[in-house]
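Chain A is the first sequence line, chain B the second, and so forth, proteins listed ahead of strands; every chain is numbered from 1.
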There are 2 protein chains.
Amino acid sequence: MSFFKKHIEAMDAYVPGEQPVTLAGVVKLNQNENPYPPSPKALAALREFDEASLRLYPDPMVARFRRAAAELLGVGEDWILPGDGSDDLIIMIARAAAGPGRAAAYPYPTFPFYFTQGQIENARCLRVPCPEDFSLPLEALAKADAAVTFVASPNSPTGATATPDRLEWLAGKLKGLLVIDEAYVDFADQHAAALATRRDNVIVLRSLSKGYSLAGLRLGFGLAPPRLMEGLVKTKAIYNVGPLPAAVGAAALADQEYHSRCVELIRAQRQRLERELAARGFRVYPSGGNFLMVTVPGGDGRAAFEALKARGVLVRYFNEDRLRDTLRITVGSQPENDALLAAIDAWRG
Amino acid sequence: MSFFKKHIEAMDAYVPGEQPVTLAGVVKLNQNENPYPPSPKALAALREFDEASLRLYPDPMVARFRRAAAELLGVGEDWILPGDGSDDLIIMIARAAAGPGRAAAYPYPTFPFYFTQGQIENARCLRVPCPEDFSLPLEALAKADAAVTFVASPNSPTGATATPDRLEWLAGKLKGLLVIDEAYVDFADQHAAALATRRDNVIVLRSLSKGYSLAGLRLGFGLAPPRLMEGLVKTKAIYNVGPLPAAVGAAALADQEYHSRCVELIRAQRQRLERELAARGFRVYPSGGNFLMVTVPGGDGRAAFEALKARGVLVRYFNEDRLRDTLRITVGSQPENDALLAAIDAWRG
């Protein structure tokens, strides 16, 4: 007997994005982190955190944060399920809904963790290619009609975003669950949270990692009808979110003014980069996220990646079928984007 | 099509221990929390935490904490896998190793989360009864020979502890994995960490929740041969532990002097409670943990639970087959234990 399941032995581990050994002198545009610090109110919540509560087990349902998220989205608290990052929620969903005879579908390219989770559950994994323009293949996902369909909107690494109308159309076609991963939605024109309240099969995922500059806090949440929450709760760790992230996250969500200001700065820089990169011969795909996918002039993504890295700018290169001529570039602060453009100019001469 | 797997729909959710709405006036001896605050050095690490790192994705392998745990146990860093509480590790193990044709075995009574995880994985769940004295049924677990065998040592709620020799005997008998859950081992006479280095099928779990007074931090870790870690890493969330728990946890592990002092106080109080409860007609089971299981005089556990609750002392009652005449009582601080004994005396007249 092997110690692990056969399909676990056979699979590869998920490979996270590269992290530089030191940040000194590196312009880090490879993991879609927000260039601005978290809300001062979130940091105040961290400093004012009641240390005495660390001794005790937390509230398993994280009421403090649940309330803040419910208020933000205008739903009841029982519509919200907090997670140790939104990857925790993707795991809960896969465990509850994907498996033998219950396929998982997702576009390609997208966040590869959906595939990882489908594999772990030994589900058939239906990788549905995006068309040439990298828009989201909703019709093909409808045809695949999997038990669980994952759609990141905005999608990474492409930036493609589906309108709520089109996502609602997809939800209506599917007999299984539709998971709309809105990790990047803070930077988009529209969001689809209302679908969770209108459809019985929709789970919307949110993250505080990008829009709220809290990737290190590990906090995300799901929004879904209470009937679906009953199933997901069964697969969650008992105390998946502690009082520290709950307090800091609740304060971050409550500070919408700061959030909007950061988002506007990033959206303005995204527009600027779109223009500047296009002017330098890059094909820029429309993005609803805090990053841009580009086809590099000359078509050698790895060479571009290495050239920028040599000049102190770290972007993301995916050594995969359809992505070898592209890069994914996080939209940084104005000085970071200046450095990016300068590095490109130095490279391209 | 149901939205969830049939066996998920059919199962009950894990029910965590009761949490009082307010702690004011409540002596809380129901969740095996440590009565002392976390190490001052751990709290200093929280106060000195570099807020700037919250903006960034953490190290997926949590090197900072891994190093601290590896140093404590005298192993290489690749023998350590941190988790969002040790329940996170139990989930990783179940996902990697339990499933159809791969049974999960565990004693009864024990931490019911092993059963929950076996159910989620649709594994045959082999519940192996403890003998009348509630010692750990290692021979019967060996006979069950499951793909994954969970043994909490010390066990909860019974307090029973197996010697490293007996656990090594069990590891040698099993063809599958032996998970030794040492969540409570800080309070025991011996631990079995060395088995992970001597046997290829042993995973030892540790938690900072009890011994280090950090139940709210959500931090535990697994110790196992790198060959097993390769499998477990596949089923972990990408960034399961953030830099905040990593920094606080590393500082807590490094402060062994404080840890030993708290543990000694609790062990002394455990001895005192054993004596005092026996003198009051309770049957007290030998415990290696920071709690005692007792059979209550008169045999009505629920009545005892209610009587103590009415007097402001919250202990744990399990409404289950073999536990209805028992209580599980956390060993508190001296004043908390005074309050417990006073409440018992008031109740028993």
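- In this structure, A:Leu56 CG and B:Ser209 OG are separated by 11.0 Å, a value rounded to the nearest 0.5 Å.
- Counted within 6.0 Å of CZ on A:Arg199, heavy atoms from surrounding residues, nucleotides or ligands total more than 12; the atom is thus considered enclosed.
- Counting non-hydrogen atoms of neighbouring residues, nucleotides and ligands closer than 6.0 angstrom, the CG atom of A:Asp50 exceeds 12 such neighbours.
- Between chain A and the options B:Gly85, B:Ala237, B:Ala42, the largest number of non-hydrogen pairs under 4.5 Å is found for B:Ala237.
- If you tally non-hydrogen atom pairs under 4.5 Å between each of B:Asp12, B:Asn122, B:Asp59 and chain A, the highest count goes to B:Asp59.
- Heavy-atom distances place both the backbone and the side chain of A:Arg95 under 4.5 Å from chain B.
- Neither the backbone nor the side chain of B:Leu208 has a heavy atom closer than 4.5 Å to any heavy atom of chain A.
- Here the closest non-hydrogen pair linking B:Ala97 and A:Phe3 is CB-O, 3.4 Å.
- Taking both residues in full, the closest heavy atoms of A:Pro58 and B:Ala215 are given as CD-O, 3.7 Å, listed atom of the first, atom of the second, then distance.
- Both the backbone and the side chain of B:Tyr57 have a heavy atom closer than 4.5 Å to some heavy atom of chain A.
- Interface remark: B:Pro38 contributes side-chain atoms only to the contact with chain A (heavy atom separation under 4.5 Å).
- Neither the backbone nor the side chain of A:Tyr212 comes within contact range of chain B; no heavy atoms are under 4.5 Å apart.
- Looking at heavy atoms from C-beta onward, A:Glu121 lies in side-chain contact with B:Lys5 at the 4.5 angstrom threshold.
- Contact count versus chain A (heavy atoms, under 4.5 Å) is highest, among B:Glu230, B:Gln117, B:His7, for B:Gln117.
- The greatest number of non-hydrogen atom pairs below 4.5 Å with chain B, out of A:Asp88, A:Ile90, A:Ile91, is found for A:Ile91.
- Ranked by non-hydrogen atom pairs under 4.5 Å with chain A, the options B:Ala13, B:Gly99, B:Pro35 are led by B:Pro35.
- The nearest pair of heavy atoms linking A:Ala96 to B:Ile8 is O-CG1, 3.8 Å.
- Contact annotation for B:Tyr14: only side-chain heavy atoms (C-beta onward) come within less than 4.5 Å of a heavy atom of chain A.
- Both the backbone and the side chain of B:Asn240 have a heavy atom closer than 4.5 Å to some heavy atom of chain A.
- With values rounded to the nearest 0.5 angstrom, B:Arg102 atom CZ is found 5.5 Å from A:Ser2 atom OG.
- Looking at A:Leu232, the atoms closer than 4.5 Å to chain B (heavy atoms on both sides) sit in the backbone and in the side chain alike.
- The parts of B:Thr235 that come within reach of chain A are both its backbone and its side chain, each placing non-hydrogen atoms under 4.5 angstrom from that chain.
- Heavy atoms of B:Lys210 lying under 4.5 Å from chain A belong exclusively to its side chain.
- Your options are B:Ala52, B:Pro243, B:Pro100, B:Pro37, and the one with the most heavy-atom pairs under 4.5 Å with chain A is B:Pro243.
- With hydrogens and angles disregarded, no donor-acceptor distance shorter than 3.5 Å links the side chain of A:Arg55 to the backbone of B:Leu214.
- Side chains of B:Leu46 and A:Leu54 form a contact here, defined as non-hydrogen atoms less than 4.5 Å apart.
- Taken to the nearest 0.5 Å, the CD1 atom of A:Ile238 stands 5.0 Å off from the CG atom of B:Asp87.
- Your options are A:Thr116, A:Val248, A:Leu43, A:Val233, and the one with the most heavy-atom pairs under 4.5 Å with chain B is A:Leu43.
- Nearest approach of A:Lys234 to B:Glu9, heavy atoms of both residues: NZ-O, 3.1 Å.
- The shortest side-chain heavy-atom distance between A:Asp84 and B:Tyr239 does not fall under the 4.5 Å cut-off.
- Considering only heavy-atom pairs separated by less than 4.5 Å from chain A, the leading option among B:Ala246, B:Ala98, B:Ser53 is B:Ala98.
- Residue contact with chain A, scored on non-hydrogen atoms closer than 4.5 Å, involves the backbone and the side chain of B:Leu228 alike.
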